[in-house]
Amino acid sequence: DQRRHESESYLVHHWARSWREVSELCKHPEPDVPLHSFRADYERLLGILRPRLVVEWGPGLNTELALAAEAEVFSIEHDPAWLPKISNPRLAVLLAPRDGASYSVFPDDADLYFIDGRNRARCLEGIHERCRPDAVVCLHDAHRQAYRQALRRFTHVLEPSVGFAVATKDKAQAARLARIFAGDEG
């Protein structure tokens with residue numbers, strides 16, 4: 001009976017938190033963005049940059065695309081249900097607690113970071129503090145207002161498509177990214 005009460009309490013808390021988040025989003029309508037609208041841009045970026053190491057929060061299609069581009073992938077996930085169902089020697093997965101520690105414990109020598117998980121603003125802040133200046137950061141659902149301030153910390157931000165932003169702190173890398181998405185490189 002105690003377990004059932006704790007479980008119900010958790011569900012009510014989770015629902016209330018989710019409802020508040022959805023309610024807040026409804027106050028500030030955002031464009032409808034298809035689930036994998038980033039695919040073509042991310043494939044193009046991976047194909048040209050050929051990253052050695054990709055660090056990602058939120059595995060999924062992005063994991064498969066990075067592995068197909070021959071990158072090593074370090075994936076961080078908080079929900080066991082979303083863990084990748086694939087086995088690949090170039091894939092390392094960290095099931096991290098939701099307490100926030102995972103936002104500061106990640107390889108800081110990656111060529112590319114892909115954010116499609118929880119607490120995206122905290123991910124952006126951690127990457128900004130620790131990554132190499134020429135690292136490339138990809139943010140899925142970049143159209144959401146909740147992420148704009150953290151994204152602005154990067155010196156150069158491009159949005160090649162609605163909901164997908166690419167950022168860097170390095171001017172030369174930013175110029176290269178602009179050429180890639182203009183179709184002038186590749």
Side-chain angles (χ1 to χ4, degrees), residues 21 25 28-79 81-86 88 90-91 93-94 102-103 106-107 110-128 131 134-170 173-186:
E21 290 172 1
L25 285 175
H28 310 285
E30 296 167 340
D32 251 351
V33 178
L35 181 62
H36 293 124
S37 60
F38 64 87
R39 182 183 190 137
D41 289 328
Y42 192 49
E43 282 180 316
R44 179 169 184 72
L45 188 64
L46 289 166
I48 295 171
L49 291 183
R50 309 300 289 169
R52 174 191 54 80
L53 174 62
V54 173
V55 173
E56 62 179 19
W57 285 264
L61 175 64
N62 43 288
T63 310
E64 295 172 21
L65 295 175
L67 289 170
E70 302 295 319
E72 290 182 41
V73 179
F74 184 85
S75 188
I76 302 165
E77 179 55 58
H78 300 89
D79 185 344
W82 284 96
L83 291 176
K85 308 281 189 268
I86 54 178
N88 188 306
R90 289 181 281 110
L91 174 63
V93 180
L94 171 65
S102 67
Y103 302 103
F106 58 88
D111 305 300
L112 192 145
Y113 296 87
F114 190 97
I115 306 168
D116 189 18
R118 293 207 173 262
N119 295 315
R120 294 172 202 204
R122 286 180 68 192
C123 292
L124 285 165
E125 290 164 4
I127 293 167
H128 186 269
C131 77
D134 66 335
V136 174
V137 181
C138 298
L139 177 64
H140 184 241
D141 294 330
H143 61 288
R144 295 182 181 168
Q145 289 300 314
Y147 313 137
R148 302 310 276 181
Q149 185 174 353
L151 189 57
R152 280 191 215 106
R153 293 182 71 185
F154 289 86
T155 314
H156 309 280
V157 179
L158 295 168
E159 294 185 49
S161 55
V162 176
F164 185 66
V166 180
T168 186
K169 297 186 281 186
D170 184 74
Q173 185 70 288
R176 183 174 186 206
L177 293 170
R179 288 192 306 273
I180 289 170
F181 291 114
D184 296 337
E185 187 171 332

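Values below: all heavy atoms of this structure, side chains included; hydrogens, waters and symmetry mates excluded.
A ring-ring contact (aromatic ring centres under 6.0 Å, His included) with Phe114 is found for one member of Phe106, Trp57, Phe38, Phe74 and no other, namely Phe38.
Legend: residues meeting ring-ring contact (aromatic ring centres under 6.0 Å, His included) with Phe154, ordered by chain and number and at least two apart, are His128.
Taken to the nearest 0.5 Å, the CD atom of Glu125 stands 8.0 Å off from the CD atom of Gln149. With rounding to the nearest 0.5 angstrom, the NE2 atom of His156 is 10.0 Å from the CG atom of Leu177.
At a threshold of 4.0 Å, the pair Glu159-Arg148 counts as salt-bridged, since one of the basic side-chain nitrogens sits closer than that to a carboxylate oxygen. Between Arg144 and Asp141 there is a salt bridge, with a side-chain nitrogen of the basic residue lying less than 4.0 Å from a carboxylate oxygen of the acidic one.
When all heavy atoms of Tyr147 and Leu124 are compared, the pair lying nearest together is O-CD1, 4.1 Å. The minimum heavy-atom distance linking Ala174 with Thr168 is given by the pair N-CG2, 3.6 Å.
In this structure, the side chain of Arg120 engages the main chain of His140 through a donor-acceptor pair within 3.5 Å. The main-chain N or O of Leu53 is found under 3.5 Å from a side-chain atom of Asp111 such that the two form a donor-acceptor pair. Not a single donor-acceptor pair under 3.5 Å links the side chain of Arg118 to the backbone N or O of His78. No side-chain donor-acceptor contact under 3.5 Å links Arg52 to the backbone of Ala71. In this structure a side-chain-to-backbone donor-acceptor pair under 3.5 Å is missing from Arg179 to Asp184.
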